[in-house]
K.L.:
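I have a structure I would like to understand better, so I am pasting it below and will then ask my questions one at a time.
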Protein chains: 2
Amino acid sequence: MTAPNGRPADPTRHDTVAAVVRQWHTVHPGLDTGPMEIIGRVNRCAALLQQAEDAPLRRAGLSRPEFDLLGALRRTGHELTPGDLARETFSSGAAVTKRLKQLTERGLVERRGDTRDRRVAHVRLTDAGRELVDGILPEQLEYETAVLSVLTPEARDELAARLGELLGRLEGSLGMLRA
Amino acid sequence: MTAPNGRPADPTRHDTVAAVVRQWHTVHPGLDTGPMEIIGRVNRCAALLQQAEDAPLRRAGLSRPEFDLLGALRRTGHELTPGDLARETFSSGAAVTKRLKQLTERGLVERRGDTRDRRVAHVRLTDAGRELVDGILPEQLEYETAVLSVLTPEARDELAARLGELLGRLEGSLGMLRA
DNA sequence: AGCAGGTGTTTTATCTGTAAACGACTGCGT
DNA sequence: ACGCAGTCGTTTACAGATAAAACACCTGCT
């Protein structure tokens with residue numbers, strides 16, 4: 001089924017999702033649990049990884065959504081409007097408004113009104129904000145690298161490629177639905 | 001639209017995470033963005049899949065955490081205490097208390113006090129609760145299958161195996177940390 | 001010019017989850 | 001028997017997210 005041949009160890013047997021799937025099979029023997037083995041694992045991995053990721057951020061006094069917002073400003077290199085930030089961080093406009101308020105009070109971002117259209121605001125990182133992001137990011141990536149070191153480099157590449165395929169097609173097809 | 005022509009499209013180049021990684025590279029050329037390509041994609045996939053999954057549940061008037069709780073009762077086949085449910089659904093005890101209150105009011109679960117230890121309660125599905133879960137689950141799996149049909153069966157198996165490997169090792173090593 | 005309709009942002013009400021404190025209870029050691 | 005440490009579940013207070021509506025402003029049409 002899964003392992004073609006050669007390796008006897010089936011790694012999918014040792015995680016909690018596999019246990020859940022086995023439980024379902026004993027209760028509903030005919031059920032096609034294929035989707036659960038992917039979706040359940042993606043969800044569980046995301047939960048564990050996020051929890052791990054939060055540690056270095058908390059140390060810097062930032063929540064993950066806040067860091068995402070600052071990161072969006074840092075990586076684009078130019079000013080963004082609140083609407084841009086909402087799209088970029090996949091969150092609602094209301095959430096962005098709240099975060100901007102807090103981050104502005106902490107002196108990490110600055111706002112500037114648009115001269116042409118007085119509805120829109122332009123947000124940019126302050127020097128302190130940029131330094132904070134640049135200070136955290138390497139530490140964050142180093143930490144993530146450590147977490148992922150449970151996999152071999154080949155397994156990592158393979159996984160990244162497969163996830164990229166899924167994500168690409170998912171964003172393609174689900175994105176169409178929304179439009 | 002996607003691939004110019006001739007070469008098969010590299011799917012990892014078409015997702016939003018790849019775009020983000022490219023942005024980081026232009027700003028911090030030396031950065032090792034390897035971890036982002038996995039963690040970022042896992043998070044994004046989880047967000048999209050959860051959003052897709054919620055549609056059929058909403059139709060039945062359940063939130064995902066509520067369905068997880070009912071599902072835990074259904075698949076284990078026997079009664080569980082609130083503490084068991086918290087562990088089984090990876091949520092806090094307080095959250096379980098709240099959900100049990102609502103689900104009890106809706107007549108989907110029943111509580112029974114332990115005779116031996118009066119602190120603990122035993123929770124079980126009512127007939128209505130079991131029928132609800134059994135009615136939703138196939139529909140849910142069918143929907144998930146449709147969403148995942150963007151991948152070939154081989155890609156699905158491969159992805160499930162890789163995720164199982166990551167999850168197994170993650171739960172192994174991070175689980176140690178917590179203990 | 002004036003108004004209808006659309007867009008960008010903020011506000012409000014509401015809901016959910018978590019952390020911390022709490023009350024109830026058991027069971028062990030003395 | 002008594003008390004104390006530890007466990008289980010619930011309650012409370014609070015931070016955070018979301019959806020709906022309000023608000024301010026622009027643009028195109030007449």
K.L.:
Just how far, in rounded Å, is P of C:dG17 from CZ of B:Arg64?
P.N.:
12 Å

K.L.:
Between D:dT7 atom P and B:Arg87 atom CZ, what is the distance in whole Å?
P.N.:
12 Å

K.L.:
Figure out the CG/P separation between B:Asp54 and D:dA19, and round it to whole Å.
P.N.:
11 Å

K.L.:
Could you check whether B:Gly83 gets within reach of a base, just the sugar-phosphate, or nothing at all, counting any heavy atom under 4.0 Å?
P.N.:
sugar-phosphate

K.L.:
To the nearest Å, give me how far apart CG (B:Leu85) and P (C:dG17) are.
P.N.:
14 Å

K.L.:
Over how many whole Å does the gap from B:Phe67 atom CZ to C:dT16 atom P extend?
P.N.:
18 Å

K.L.:
At under 4.0 Å, does any side-chain N or O of A:Ser92 touch on OP1 or OP2 of D:dA17?
P.N.:
no

K.L.:
Give a yes/no on whether any side-chain N or O of B:Arg119 is located under 4.0 angstrom from OP1 or OP2 of D:dT10.
P.N.:
no

K.L.:
Please determine, for the side chain of B:Arg118, which listed nucleotide (C:dC25, D:dC25, D:dG9) has the closest atom?
P.N.:
C:dC25

K.L.:
Does a side-chain N-to-carboxylate-O contact under 4.0 Å join B:Arg44 and A:Glu171?
P.N.:
yes

K.L.:
When we call it a touch if two heavy atoms are under 4.0 Å apart, what does A:Thr81 touch: a base, just sugar-phosphate, or nothing?
P.N.:
sugar-phosphate

K.L.:
Would you kindly give the CG-to-P distance between A:Asp114 and C:dG8, to the nearest whole Å?
P.N.:
12 Å

K.L.:
What is the distance, rounded to the nearest whole Å, between atom CG of A:Leu69 and atom C1' of C:dT9?
P.N.:
14 Å

K.L.:
What is the nucleic acid contact for A:Arg99, judged by heavy atoms within less than 4.0 Å: base, sugar-phosphate only, or nothing?
P.N.:
sugar-phosphate

K.L.:
More 5' along DNA chain D: A:Ala94 or B:Lys98, using each one's nearest nucleotide?
P.N.:
B:Lys98

K.L.:
Between B:Arg41 and A:Glu165, is the closest basic N to carboxylate O distance under 4.0 Å?
P.N.:
no

K.L.:
Would you classify A:Arg111 as touching base, sugar-phosphate or nothing, given that sugar-phosphate means primed atoms plus P, OP1 and OP2, and contacts are heavy atoms under 4.0 Å?
P.N.:
sugar-phosphate

K.L.:
Would you call A:Arg106 and A:Glu66 a salt bridge, using N to O less than 4.0 angstrom?
P.N.:
yes

K.L.:
Closer to the 5' end of DNA chain D via nearest nucleotide, is it B:Leu100 or A:Pro65?
P.N.:
B:Leu100

K.L.:
Between B:Arg116 and B:Asp114, does any NZ, NE, NH1 or NH2 come within less than 4.0 Å of an OD or OE carboxylate oxygen?
P.N.:
no

K.L.:
Shortest non-hydrogen contact from B:Arg111 to B:Ala121?
P.N.:
NH2-CB, 3.5 Å

K.L.:
Calculate the interatomic distance between A:Glu66 atom CD and D:dG16 atom C1'; express it in whole Å.
P.N.:
11 Å

K.L.:
Ignoring the backbone of B:Ala95, work out which of C:dT18, D:dT10, C:dT26 is nearest its side chain.
P.N.:
C:dT18

K.L.:
Where the side chain of A:Thr97 is concerned, which of D:dG9, C:dT10, D:dT18 is the nearest nucleotide?
P.N.:
C:dT10

